[in-house]
Peer 1: 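This is the structure I want to talk about, given as structure tokens.
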Amino acid sequence: MSARLDAAGVGWDVAGARILASVAFAAAPGETVGLLGPNGSGKSSLLRLLGGLARPSAGQVSLDSVALSALPRRALARRIAVVTQQTATDVEMTALEVVLLGRIPYRPRLAGVAATDLSMARRALASAGLDGFADRRWSTLSGGERQRVDLARAFVQEPDLLLLDEPTNHLDIRHQLDLLRTLAASPTTVVVTLHDLNLAADWCDRLVLLCGGRVVAAGTPAAVLTAERILEVYDVPVDIDAGPDGRPRIRYRR
Amino acid sequence: MNRPVLPVAAGLLLVSVAAAVTVGSADLSIGDVLRAVGTHLGLPVRPLPPLADSIVWDLRLPRVLLAALVGAGLAVCGAVLQALTRNPLADPYLLGVSAGASTGAVAVLVLGIGGGISLATGAFLGSALAFGAVLLLAGRRAAEPTRIVLAGVAVSQLFSALTSLIVISDAASRDTRSVTFWLLGSLTAASWPAVALCAVVAGAGLVLCWAAATALDAFAFGTDVARSLGFSAARTRLVLFALTALVAATLAAASGAIGFVGLTVPHAVRFLTGAGHRVLLPASALAGAIFLIWADTAARTVFAPQELPVGVLTALLGVPVFAVVMRRRSGTP
Ligand SMILES: Nc1ncnc2c1ncn2[C@@H]1O[C@H](COP(=O)(O)OP(=O)(O)O)[C@@H](O)[C@H]1O
Ligand SMILES: [Mg+2]
């Protein structure tokens, strides 16, 4: 149901450029870890390495102490689901067909969609608030609807580790909160990149703050989100109060 | 969903084969066709007169069957390449195959290269050479669709230029007309050996592509999603690129480069079957076969006794079909 994730000294070079350097952090089973950082700080790149979509140039990512590179892709697909930032628009599949993709790792290679897969996919669509969207073509969905279909695809993959790249960026506030509540309550280990610092502070167990491909801070929201650090990393002056639950509340100065 | 499409299309294909054989200058009925086939299969039926029997068995049947196989193979190759490259304009000749086939064919026919090998063999070798050049040019990251597609465009241009050069160098030759005919795609060279070869290669190609149907579905959103669903994206792409190149090269060797079937048929079939490749691939094969049977029947009868290269006809028919498909393609522009 949930896995422990370890990144140890992870580095990634592309075409001679160092994108990530000595990134180290861990996510305990069931934790929801928020990945923060300015544009270009390496969040998406790190998420791809954590999901085994690319190989690190240095260091190692492991799942329950087994290196990702030692696991076959198909075995990995049953344990890790990834939702990358989606750019495809001209896909001819229906919403239901897209969600069903998430069941592929569980199917014998030559088998078709099973009835259980179908009912699971329909339930996932319903819990994403997309009842009645099953037969809608992907190309006709709005950005937020696509994002929720993609999340449903990741959920039916029944992962031990769920990696989400800016899953809230097209969602209205209600669906953002629905998603974060679901993630926080789910037994699955989650690593999610977010831009909204307050949402991250409210819903994540721990945060990892990246800047220039390095980890600047990691720990509880209160430990990571200090006014000095936000000024240093984002160049934005803020005031921070501790909320009643001990989580930081960030106000941006005008 | 839409499962009935397959049995209906399979029935239509059988009817098309039998009916298309009856069409032509000599009047034959479907009963005659069945009698001739029965005779050759050793069934206890009354044989046709020798001339009619020869028209069915030696001329029309192999030609109709070759049309079916070429149509089926081209449509499947097109569907697979459209999925792998996520490019709706992909067709079986994307990776240099048809340009290479042309060069190989004219090299044999006009220059006499190869020491007496057949035109088909020359075409096949030309295709193989062109696909090899595409892989070489695309380099280590040949599995990236944009790279291999660009390499395909470049190599196709190069081989087309070579073909023109060879043809022009020998413009006075009596071969020019047959070269032109062949370049445009034609099934006049149909024979039982060609049918057998194409049946084996296109059949195996279809089965192997169908075995990869789920992987093709997973490529709808590109490399990262395919990987996260458990597929080795680079290996899957390279294997299927090579497989479609082999099938397209075999078909081009038998019939020249027949255009628009591989491009148009998969798009049209998607309307009926949806995007899932487990149904799309066999349905495209059946639709491609039926389409090319009738296109070729028209090509050999409309201006009889003159023949049109069937490639001219598929283009004439394919463009309006393509226009309709493009207009009805759902969603935002
Ligand atoms: N394949 C690549 N080739 C070259 N540069 C890349 C590649 N992928 C990412 N980068 C660069 O790495 C940096 C981090 O990118 P990314 O991980 O997408 O950042 P974030 O998601 O935090 O905005 C950026 O400067 C980006 O331009
Ligand atoms: Mg990013």
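Chain letters run A, B, ... following the sequence lines, proteins first, then strands; residues in each count from 1. Computed from a predicted structure; not experimentally measured.
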Peer 1: Considering only heavy atoms, give the residues of residues 151-161 of chain A separated from chain B by less than 4.5 Å, sorted numerically, with 'none' for an empty result.
Peer 2: A:Arg153, A:Gln157
Peer 1: Compare every heavy atom of A:Glu97 with every heavy atom of B:Gly276, then report the nearest pair and how far apart it is.
Peer 2: N-OE2, 4.1 Å
Peer 1: Using modelled atom types only, decide if a donor and an acceptor are shared between the side chain of B:Arg278 and the backbone of A:Leu110 within a distance under 3.5 Å.
Peer 2: yes
Peer 1: Assess whether atom CZ of A:Arg18 is packed by more than 12 heavy atoms of other residues, nucleotides or ligands within 6.0 Å.
Peer 2: no
Peer 1: Counting heavy-atom pairs under 4.5 Å with chain B, which one of A:Arg107, A:Arg103, A:Arg48 comes out on top?
Peer 2: A:Arg48
Peer 1: What part of A:Leu76 gets closer than 4.5 Å to chain B, counting heavy atoms only: side chain, backbone, both or neither?
Peer 2: neither
Peer 1: Let me confirm one number: the CZ-OG1 distance from B:Phe221 to A:Thr84, rounded to the nearest 0.5 Å.
Peer 2: 9.5 Å
Peer 1: In residues 206-220 of chain B, which residues are in contact with chain A at a heavy-atom separation under 4.5 Å?
Peer 2: B:Trp210, B:Ala211, B:Thr214, B:Asp217, B:Ala218, B:Ala220
Peer 1: Taking non-hydrogen atoms and a cut-off under 4.5 angstrom, which of residues 225-238 of chain B neighbour chain A?
Peer 2: B:Val225, B:Arg227, B:Ser228, B:Leu229, B:Gly230, B:Phe231, B:Ser232
Peer 1: Kindly check if the number of other-residue, nucleotide or ligand heavy atoms within 6.0 Å of CZ (A:Arg214) is above 12?
Peer 2: no
Peer 1: Please look at A:Arg78 and chain B and tell me whether the side chain, the backbone, both or neither of the residue comes under 4.5 angstrom of a heavy atom of that chain.
Peer 2: neither
Peer 1: If a pair satisfies salt bridge (charged side-chain N to carboxylate O under 4.0 Å, His left out) and one of its residues is in residues 122-133 of chain A, list it, with sequence neighbours excluded.
Peer 2: none
Peer 1: Checking A:Ala111 against chain B: side chain, backbone, both or neither under 4.5 Å from a heavy atom?
Peer 2: backbone
